[in-house]
Amino acid sequence: PGLLFAGLGGTALGLPGFGVAPAVRLGVRKEVGPIGLRVRLDYLGKSVNDAGLRYDLAYVGGAVAALYPLDTSRILVEAGPELGYGYASQRLADRRSFGSSFLWGGAAVMITAPAGPIRVGVDAAAGVNVMRLDFRTAVRPAASLSLLALWGF
């Protein structure tokens, strides 16, 4: 009924020249009636070269998903809507820094299977980020994929 998880993966924030950054994911999944409520926290960092503009970006964010079971056999497959919030800070070579909040909305899929005393799985999400980009509000596609180890409680 409850799982703690940790994983590594990649995240695309939808920023120009950003691509995919390595990410660390921590979270918990708990059954609430017929759904699995999943809360995740992510951290990522990357050095970026956007058409000659070099900067370091760090992002911390989290999201909540309501996951509905699609297959409850030995391999559990769940999917559902996800909403989240994050904050990214950008530091230029001259030490100037900028920051922006990110609102996230999309769909999440979690696939897990037993592997001895733990479960292993994949946690994926796709949707959009709403952020400030070049002093304007921008809506950009975004996605993440993490490989997880999960421990029951």
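Heavy-atom basis, side chains included; hydrogens, waters and symmetry copies ignored.
To the nearest 0.5 Å, atoms CE (M131) and CZ (R136) are separated by 12.5 Å. Between atom CG of residue L92 and atom OG of residue S97 there is a gap of 8.0 Å, rounded to the nearest 0.5 Å. Taking CG of L150 as the start and CD1 of I118 as the end, the distance is 7.5 Å to the nearest 0.5 Å. Taking OG1 of T137 as the start and CG of L103 as the end, the distance is 9.5 Å to the nearest 0.5 Å. Taken to the nearest 0.5 Å, the CG atom of L67 stands 9.0 Å off from the CG atom of L76.
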Derivation and outcome, side-chain contact (heavy atoms from CB on, under 4.5 Å), residues V28 and L3 = CA-CA 6 Å; V28 63; L3 294 166; over 6 Å; no
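Defined by atom type and a distance below 3.5 Å, a donor-acceptor pair is present between the side-chain atoms of S101 and Y85.
The list of ring pair (Phe, Tyr, Trp, His ring centres under 6.0 Å) pairs with a residue in residues 125-153, not counting sequence neighbours, is empty.
Formation of a donor-acceptor pair under 3.5 Å by the N49 side chain with backbone atoms of G52 is found in this model. In this structure, the side chain of S89 does not engage the main chain of G99 through any donor-acceptor pair within 3.5 Å.
Between V128 and W104 the shortest side-chain heavy-atom distance does not fall below 4.5 Å. Counting heavy atoms from C-beta outward, I111 and I75 have side chains that approach closer than 4.5 Å. For the pair F5 and M110, the minimum side-chain heavy-atom distance is below 4.5 Å.
Scored by the side-chain contact (heavy atoms from CB on, under 4.5 Å) test, L26 finds A6 as partners (sequence neighbours excluded). In this view, D94 and R96 satisfy the salt bridge (charged side-chain N to carboxylate O under 4.0 Å, His left out) rule, not counting sequence neighbours.
For the pair L83 and G105, the tightest heavy-atom approach, listed with the atom from each and the gap, is CD2-CA, 4.1 Å. Taking all atoms of both residues into account, the shortest heavy-atom contact from L44 to P22 is CB-O, 3.2 Å. Here the closest heavy-atom approach between residue L70 and residue A79 is recorded as CD1-CB, 3.7 Å. The two atoms that bring G2 and K30 nearest to each other are CA-CD, 4.1 Å, heavy atoms only.
Cluster annotation: L133 is connected to F102 through the hydrophobic network of ILVMFWY side chains, with a link wherever side-chain heavy atoms come within less than 4.5 Å.
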List, one per line, each side-chain donor-acceptor pair under 3.5 Å for residues 55-64, sequence neighbours excluded.
unit_1	atom_1	unit_2	atom_2	d
D56	OD1	S47	OG	2.6

Contacts under 3.5 angstrom, residues 9-20 side chains, donor-acceptor by atom type, not counting sequence neighbours:
none

Show me the side-chain donor-acceptor pairs of residues 32-42 shorter than 3.5 Å, one per line, residues at least two apart or across chains.
unit_1	atom_1	unit_2	atom_2	d
R38	NE	D123	OD2	3.3
R38	NH1	E82	OE2	2.6
R38	NH2	E82	OE2	2.9
R38	NH2	D123	OD1	3.1
R40	NE	E82	OE2	3.0
R40	NH1	D42	OD2	2.1
R40	NH2	E82	OE1	3.1
D42	OD1	R25	NE	2.7
D42	OD2	R25	NH2	3.0

